[in-house]
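Whatever order the structure lists them in is the order used to number ligands and atoms, beginning at 1.
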Amino acid sequence: MNIKQALKNSFSYFFYFYGYLRHRVFIALTLSLFVGLLDGFGLAMFIPLLQMLDGSNAKGGGDLGNLDFIPQLMGTLGVEFNITSVLILILIFFTLKGVAQFIQGYVAVIYQQYFMREIRVTNIKLLNVFKFSEFVKADSGRIQNTFSGEVEKINMAFKSYLAVLQYASLISVYLILAFATNISFATMVTIGGAATNFIFKFLYSKTKEHSRKVTVEAHYFQGLLIQYVAFFKYLKATGLNLMFGKKLTDNINRIEYFQRKIGFLGSLLTGLREPLTILVVVVVILIQVRFLDAQLGTVILSLLFLYRALTFLMALQEHWNKFLAVSGSLENMTNFIEELKSGHETNGTIKFKEFKDRISLRDVSFSYGKTKILDSLNLTIHKNETVAIIGESGSGKSTLVNMLSGLLPPTAGEFVVDGIPLSQIDHYTFKNRIGYIAQEAPIFSDSVYNNVTFWAEKTPENYKNFIEALKKASIYDFVMRLPKKEEEELGNNGINVSGGQKQRLSIARELYKEVDFLFMDEATSALDAETEVAIQNNIDELKGAYTIVIIAHKLSTVKNADRIILMGKGRIKAEGSFQELLNNSKVFQNMIRLQGLETSIS
Ligand SMILES: Nc1ncnc2c1ncn2[C@@H]1O[C@H](COP(=O)(O)OP(=O)(O)OP(=O)(O)O)[C@@H](O)[C@H]1O
């Protein structure tokens, strides 16, 4: 059962790599076979050479077991088998082996790089088409760790696995040569070698167990680190950073503990290997010489091959152990890719060129698992209408906007754009027409220009559009006052600009694009009163030129919206103009009172 499982595992690893490399695996293996064969033939020539040197075999040959075909072939070719020709032959074999080894090494590097590229590109491609609804459920620490640290470990795993395959083919060549030379001697040594393997197997399984634990802890570490950096200000201000730091330290200690165990097992393996191997060889030679009347030439040649095989077996075991130490990552990567694949979004084929008329939600519901977040919504938004969405916290405003922007597909009902269900439209052509101003304005670690234009070339036309976008977003003066103007670096996550400025830059980025829709998720929440008025004026200016959907908490900012949608518990509770809601909705009137707006309205 165990052997069956081991074989199954080995094959699943093989097919894992084969899935990426295909015929390349066999090319790598064939090259190893060549190296082994050439080395074996070269080694075989030392026996007649030694015998010729001490005069026990003047003509050479005759003591190579089944390898006698080499001197025989030379005889047929009319080449005399003497010291000079044997020396030249040794030189030829080892030179060819060197050439084969060079090709083998270089090819291995090429394949390794190819493999890494494939893994990285596959991951990026799958992440590109990963459903947003799946992404929000995913562990960001795991995603980050798998994309960076784990990919490096997979690289190590691949290197070790390829080495294992290459050593395995070399070992098989040496074993064939050893058996061909002296079958009884070779059999006994092989049985002895197999017996020592039981000790190693136990150590391997322990190594693998710890490797899995390291991977789990590494994910946790990345997750904690991301949160530590993201919430650094809060943690620092409250002194909770020390407690959070302790969580990280504990995690680091656990990783160190498991890595130390892996190191201990690895060292034990290295230390045990040679004494055990030599023990086997010594016992077998004693038996061969004492009890079986073995021919010394073939025993020595067979031993030479076996010794070579054993040396490579040691190297193989070392690489196999290295492979197992990172095999947890391989399993993780396989599962990760499977998860990414299962969260693959489906895409329509109809190209969306330009928004013409209206978007509609028809009896749309949305659930996270069993929890219904949006419940049977019907809503139509016309081209260039400005719609504000209001409602208490958790009423489903963000979810509604995520749906209207195509981020979340409905779990029931239909989202229709200009009469075509979004499911039939090529999402990317639709998203190209969308400007999104999120609560947390994403600022990339680059210059103002690149942040706004999203790395567009600095042509006169792009520059003109860039300046226009800055002006529309009321950030032009600020940018022009910066020491390097639009080339000023914004720093990691926009640390060098205020919350309000980040949002204005984010608005500028959206206005720079040629979009039909502007979705704003509490875009004015982090602004001071004066800037808020400026942005509000700008939105009013954009009104009528874009289809605008704003999530707002401050009712004063939505006074000019064409329509206000009041959400409550995942449903539309009321809709209409500001005045209509004021006249008809008790909830709205209450909200107005709570925000102290009665006087400003009257
Ligand atoms: N990834 C998620 N998994 C499960 N439930 C979620 C998820 N995201 C949001 N929810 C739930 O969906 C409901 C609606 O959330 P949503 O963010 O749309 O509300 P909101 O009206 O925008 O709230 P707020 O004004 O506080 O931002 C909430 O009850 C929230 O807990």
Heavy-atom contact under 4.0 Å between [X] and ligand 1?
X: Gly396; value: yes
X: Thr371; value: no
X: Met567; value: no

Would you kindly check if the NZ (Lys) or CZ (Arg) of Lys458 is within the cone defined by 45 degrees around the ring axis of Tyr449 and under 6.0 Å from the six-membered ring centre?
->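 Satisfied, under 6.0 Å and within 45°.
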At under 4.0 Å between heavy atoms, which part of Lys137 makes contact with ligand 1: side chain, backbone, both or neither?
->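 Near ligand 1, Lys137 shows nothing, with every heavy atom at 4.0 Å or more.
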Region of Thr399 that comes within reach of ligand 1 [heavy atoms, distance under 4.0 Å] =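 Contact part for Thr399 vs ligand 1: both backbone and side chain.
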List every atom of ligand 1 that sits less than 4.0 Å from any heavy atom of [X], numbering the atoms from 1 in the order shown and giving each element.
X: Glu392; answer: 21 (O)
X: Ser398; answer: 17 (O), 18 (O), 20 (P), 22 (O), 27 (O)
X: Ser395; answer: 19 (O), 21 (O)
X: Ile373; answer: 11 (C), 12 (O), 13 (C), 14 (C)

Please assess Asn590 against Arg593 for the test side chain to side chain contact (heavy atoms under 4.5 Å, CB included), listing each intermediate value before the final yes or no.
-> CA-CA 5 Å; Asn590 227 352; Arg593 209 168 306 124; 3.2 Å; yes
If we only count N/O pairs under 3.5 Å, is Val136 in contact with ligand 1?
->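 Checking ligand 1 against Val136, no N or O pair falls under 3.5 Å apart.
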For atom 21 (O) of ligand 1, which candidate among Lys397, Lys569, Met403 holds the nearest heavy atom?
->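 Nearest option to atom 21 (O) of ligand 1, by heavy atoms: Lys397.
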Considering only heavy atoms, which of Gly369, Gly568, Ser393 lies nearest to atom 24 (P) of ligand 1?
->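 Looking at heavy atoms only, the winner is Ser393.
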With under 30° as parallel and over 60° as perpendicular, where do the rings of Phe15 and Tyr18 fit, or are they tilted in between?
->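 The rings of Phe15 and Tyr18 stand perpendicular, inter-plane angle above 60°.
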Would you kindly say whether Asn332 and His219 are connected by a side-chain donor-acceptor distance under 3.5 Å?
->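 Side chains of Asn332 and His219: pair found under 3.5 Å.
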According to the side chain to side chain donor-acceptor pair (under 3.5 Å) rule, which pairs have a member within residues 400-423, sequence neighbours left out?
->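 Pairs touching residues 400-423 that pass the test: Asn402-Tyr436.
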Under the side-chain contact (heavy atoms from CB on, under 4.5 Å) test, which residues partner Leu248, sequence neighbours left out?
->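 Phe221, Leu224, Leu225, Tyr228.
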Please walk me through it: do Asn451 and Asp446 pass side-chain hydrogen bond (donor to acceptor under 3.5 Å, both in side chains)?
-> CA-CA 6 Å; Asn451 258 284; Asp446 212 307; 5.9 Å; no
Kindly say whether the aromatic ring centers of Phe517 and Phe430 come within a distance under 6.0 Å.
->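 Yes, close enough.
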